[in-house]
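To find a chain, count down the sequence lines: A is the first, B the second, and so on, and within it residues start at 1.
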Protein chains: 2
Amino acid sequence: MSFSAGMLNNVPCHSCPLRAKGPFKDYADRDIRFLDELKKDHVAFEAGRDIVMAGDTDPPLYTLFSGWAFRYKLLPDGRRQILNFLLPGDPIGFQGHMFEASPHSVQTLTDVEVCSFHRSKIWELFRSHPELAFDLTWLTAREECFVDDNLLTAGRRSALEAVGALLIHLYKRADALGMHRNGGVEFPLTQNHIADALGLSLVHTNKSLRKLSKIGMHEIKNGTLTFMNGRAMEKLAQIFDDPVAARPLL
Amino acid sequence: MSFSAGMLNNVPCHSCPLRAKGPFKDYADRDIRFLDELKKDHVAFEAGRDIVMAGDTDPPLYTLFSGWAFRYKLLPDGRRQILNFLLPGDPIGFQGHMFEASPHSVQTLTDVEVCSFHRSKIWELFRSHPELAFDLTWLTAREECFVDDNLLTAGRRSALEAVGALLIHLYKRADALGMHRNGGVEFPLTQNHIADALGLSLVHTNKSLRKLSKIGMHEIKNGTLTFMNGRAMEKLAQIFDDPVAARPLL
DNA sequence: CGACTTGTTGAGCCCATTCAATGCTAGTGG
DNA sequence: CCACTAGCATTGAATGGGCTCAACAAGTCG
C-alpha cells in the first residue's frame, strides 16, 4: 500500500473544535477523557482516495474531522451507487467492524483529516460508557435516515426533483456545520457524484442541473452552492422538511 | 384509533421459539431476564395495517415475532417507496425513538405478532446490559446494510436485474429463518410491493417477473417463491453473495 | 351477484440513456 | 510562453427502457 496518508499533530478530544459547532452535545468529563484514550491518531488523506474498500476485513475506525467523503457500492461491471455523503463528525467504518467484512467502500471527496480510534476498545465503550454507546447507535440510525431518504429520491422522484432534493439536503447539512462561503456553502461534488448518488446518467444530470439553475433555483460556481430561491426549490423537489439533516450531531 | 390489535398470551423471552432458530445468539441468563422485564406485551395485527406512521412521536417499540412487514416513505402526492422488508426477529420503531418523530411508516404484509417493549427502559438497557445494547446497534447496522443494497439495486440495476436481486435477497432471508413451503419459501408480497421497493411501475414489474419466470428462473405461486435455477438468477442479477442476508440475527 | 384486489397483456409515448463532439480550466513539461 | 494532457461541464441527436393508459382475466369476499 502506498504511503499517502500523512500524520498530523494529534488534537485531543476535549479541545476538539467540532465541540464548539452548533449541534454538538456536551459530554461529561469522564466520557471525554475516555474518548481521548480511545483515540489513536489524527490522519490526513488527499481527495479522491479510497480509505475503506468493500470487502476489507476489520477496516480502521475513523471519525471525519474535516472535509467531505462518501460511502458507495459497485456492481461487478463497474456501475457505481453512492449511498450517502459524510461530513465532519460522521463515523466511518463502524459497519465494517460489525460484520466480517466491510459491505461498502468509502472515498474522500476533498482532502480530509480523520481521527482514528482503537478498534479493540469499542467493546469497552459499550461496557463502561453507555452514553457514548447510545450516541454511537444514534449516529448509526441517523445515517440510515439519510440512506432512506436517498432511496426515496432515487426510486420515486423525477430527475429534476431528485437533483433538487439532493442539493437541498446537502445544503442543510453543510449549513448546520457552518461550512459557509460567500452567501452559500462549500460544495465539492462533481456532476458525476450527483449522478451516481441519484442513479442517473451523467448527461441527464447535467441537463437537470442546467434547467434548475436556468429557472433561477440555484447556482454552483467555484465549489460553492447558493440557493436563489430555496423555498421554490423545496416545493419543486417535493420536500416538506428534513429536521434530521439540519440538526446533524447530537 | 380503531381497536384491531388483539392481545395474545405473553410468550416469555427465555422460552421464545425464535431462540432455537439457526442464527440466534445465546444470551446470558441475566440478559434474558432483563429482556423479560423489558417486554410489555405480545400483540397481533392483521395484514395490511400501519403499525407505525411517519411523523408519530414516540412510536411503540416492537420486535417482529412472526409474519412479514415493511418500512416505507411517501411523497406528498402519494408516490410510495418501500425501504426494506421486516422478518421475524427484526426490531420496529427504534429509529422513531431516537428522533423526535418517526421518519418512516411501517405496515404489515401478513398477519403478524409483535413483542412490545417498555420505551422508558431503553436507557437502562444501555446502562446495565451492554451486550444487549451492542446487539441493538448491530441490528440497526444490519438494517442499514439492507437499505444500502436496495439503493444499489434501485439506482443502478436494470428492471430485470433488480427484480431478480430482490427475489434472491428475500429468499435468502426467509430461508435462513426456516420459512419453507414445499420446495420454496413463503412469499407474501404482491407485485405492487415489489414495484414500490424497486422504484418501478407496476406494469413493468409484472413484465419483468413474467420474463424471469418464462426463462425458467423462478416461480411464484400460492404465496410461495421457488427458484428453478438459483445460480443463473444470481448471475443475471449481478450478485456475488450476500452474507448478511443469509445470517440474519446475531 | 357485484365490488374489489391482484395479475396480465398490448399500444404508444416520453423521460432518460447512449453516443458523440466541443469548450473550458488547470497542470505539466519543454 | 506554448503544446499537450486530463478532468469536468455542456450540448445535440438518436435510441430505448420503462412509463402511462386501457382493457381484461381470475380469484375472493360480503
Side-chain angles (χ1 to χ4, degrees), chain A residues 46-49 75 77-82 107-111 153-164 166-167 187-215 218-225 236 238, chain B residues 46-49 68 75 77-82 107-111 153-167 187-215 218-225 236 238:
Chain A
E46 77 248 22
R49 199 161 174 292
L75 287 180
D77 62 7
R79 280 173 281 176
R80 180 176 73 172
Q81 176 67 44
I82 291 181
Q107 186 171 119
T108 59
L109 211 46
T110 64
D111 290 348
T153 295
R156 285 308 185 198
R157 278 190 243 252
S158 72
L160 216 59
E161 293 166 354
V163 171
L166 179 59
L167 294 185
F187 192 79
L189 314 214
T190 69
Q191 298 188 351
N192 225 316
H193 295 121
I194 300 177
D196 283 349
L198 299 176
L200 295 172
S201 75
L202 175 57
V203 174
H204 198 58
T205 299
N206 175 285
K207 286 170 180 168
S208 302
L209 276 167
R210 301 261 51 229
K211 193 175 287 186
L212 284 176
S213 69
K214 213 167 274 177
I215 59 176
H218 79 290
E219 186 181 63
I220 298 176
K221 198 161 55 172
N222 305 327
T224 101
L225 164 65
L236 184 151
Q238 303 266 54
Chain B
E46 76 249 21
R49 198 161 174 291
W68 295 59
L75 287 179
D77 62 8
R79 280 173 282 177
R80 180 176 72 171
Q81 177 68 43
I82 292 181
Q107 186 172 119
T108 59
L109 210 46
T110 64
D111 290 348
T153 294
R156 286 308 187 198
R157 278 191 243 252
S158 72
L160 216 59
E161 293 166 354
V163 172
L166 179 60
L167 295 185
F187 192 80
L189 315 213
T190 69
Q191 298 188 350
N192 224 316
H193 295 120
I194 300 177
D196 283 348
L198 300 176
L200 295 172
S201 76
L202 175 58
V203 174
H204 197 59
T205 300
N206 175 286
K207 286 170 181 170
S208 301
L209 276 166
R210 302 260 49 230
K211 194 175 286 185
L212 284 176
S213 70
K214 213 167 274 176
I215 60 176
H218 79 290
E219 186 180 61
I220 297 175
K221 199 161 54 173
N222 306 325
T224 101
L225 163 64
L236 184 152
Q238 304 266 51

Visitor: Can you find a pair of side-chain heavy atoms, one from A/L166 and one from A/T153, that are under 4.5 Å apart?
Guide: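 The answer is no, as the side chains (C-beta and beyond) never meet within the 4.5 Å cut-off.
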Visitor: Heavy atoms under 4.0 Å is the rule here; annotate nucleotides 23-30 of chain D 5' to 3' with B where the base is hit, S where only the sugar-phosphate is, and - elsewhere.
Guide: --------
Visitor: Rounded to the nearest 0.5 Å, how far apart are OG1 of A/T110 and CG of A/L189?
Guide: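 One gets 10.5 Å once the value is rounded to the nearest 0.5 Å.
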Visitor: Roughly how many Å is it from CG in A/L212 to P in D/dT10, rounded to a whole number?
Guide: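 Value for this atom pair: 12 Å.
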Visitor: For B/L160 and D/dG16, what is the distance between atoms CG and P respectively, to the nearest whole Å?
Guide: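 Distance check: B/L160 CG to D/dG16 P gives 17 Å.
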Visitor: Compare the minimum distances between each of D/dG18, C/dA16, C/dA20 and the side chain of A/V203, then state the nucleotide with the smallest one.
Guide: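 Of the candidates, C/dA20 comes closest.
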Visitor: For DNA chain D, determine which residues of residues 192-202 of chain A have any heavy atom closer than 4.0 angstrom to one of its atoms, and list them numerically.
Guide: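 Correct list: empty, so none.
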Visitor: Establish, with yes or no, whether the OP1 or OP2 oxygen of D/dT10 is under 4.0 angstrom from a side-chain nitrogen or oxygen of A/Q191.
Guide: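 Answer is yes, contact under 4.0 Å.
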Visitor: Taking atom types as they are modelled, is there a donor-acceptor pair under 3.5 Å from the base of C/dG7 to the side chain of B/K207?
Guide: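 There is none.
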Visitor: Would the distance check show the side chain of B/T108 and the main-chain N or O of B/G48 forming a donor-acceptor pair, the cut-off being under 3.5 Å?
Guide: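 Side chain of B/T108 to backbone of B/G48, a donor-acceptor pair under 3.5 Å: yes, one is there.
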Visitor: Please state how far atom CZ in A/F187 lies from atom C1' in D/dC8, giving the value in whole angstrom units.
Guide: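 In whole Å, D/dC8 C1' and A/F187 CZ are 14 Å from each other.
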Visitor: Measure the distance from NZ on A/K221 to P on D/dA9 and round it to the nearest whole Å.
Guide: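 It is 15 Å, rounded to the nearest whole Å.
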Visitor: Starting at atom CG of A/L209, determine the distance to atom P of D/dT11, rounded to an integer number of angstrom.
Guide: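 A/L209 atom CG is separated from D/dT11 atom P by 11 Å.
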Visitor: Which one, C/dT9, D/dT10, D/dG18, comes nearest to the side chain of A/N206?
Guide: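 Looking only at side-chain atoms, A/N206 lies closest to D/dT10.
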Visitor: Would you be so kind as to tabulate the donor-acceptor pairs closer than 3.5 Å made by side chains of residues 204-212 of chain B, with sequence neighbours excluded?
Guide:
unit_1	atom_1	unit_2	atom_2	d
B/T205	OG1	B/S201	O	2.8
B/N206	ND2	B/Q191	OE1	2.9
B/S208	OG	B/H204	O	2.9

Visitor: Toward the 5' end of DNA chain D, which comes first, A/R210 or A/R156, by nearest nucleotide?
Guide: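 Result of the comparison: A/R210.
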Visitor: About how many Å separate CD of A/Q107 and NE2 of A/H193, when rounded to the nearest 0.5 Å?
Guide: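 Taking NE2 in A/H193 and CD in A/Q107, the distance rounds to 6.0 Å.
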Visitor: Using heavy-atom distances to pick each residue's nearest nucleotide on DNA chain C, tell me which of A/H204 and B/L189 is more 5'.
Guide: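 Residue closer to the 5' terminus by nearest nucleotide: B/L189.
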Visitor: Minimum heavy-atom separation for A/L160 and A/L236, please, with both atom names.
Guide: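 Shortest heavy-atom contact: O-CD2, 4.0 Å.
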Visitor: Among C/dA16, C/dG7, D/dG18, which is the nearest nucleotide to the side chain of B/T190?
Guide: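 Looking only at side-chain atoms, B/T190 lies closest to C/dG7.
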Visitor: Going by heavy atoms in the side chains, are A/R79 and B/Q238 under 4.5 Å from each other?
Guide: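 Yes; the side chains approach each other to less than 4.5 Å.
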Visitor: Step by step, work out the side-chain contact (heavy atoms from CB on, under 4.5 Å) result for A/R156 and B/D196.
Guide: CA-CA 8 Å; A/R156 285 308 185 198; B/D196 283 348; 2.5 Å; yes
Visitor: Starting at CZ of A/R79 and ending at C1' of D/dG17, how long is that distance when rounded to a whole Å?
Guide: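 In whole Å, D/dG17 C1' lies 13 Å from A/R79 CZ.
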Visitor: How many angstroms lie between CZ in A/F187 and NE2 in A/H218, if you round to the nearest 0.5 Å?
Guide: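 Here the rounded value is 7.5 Å.
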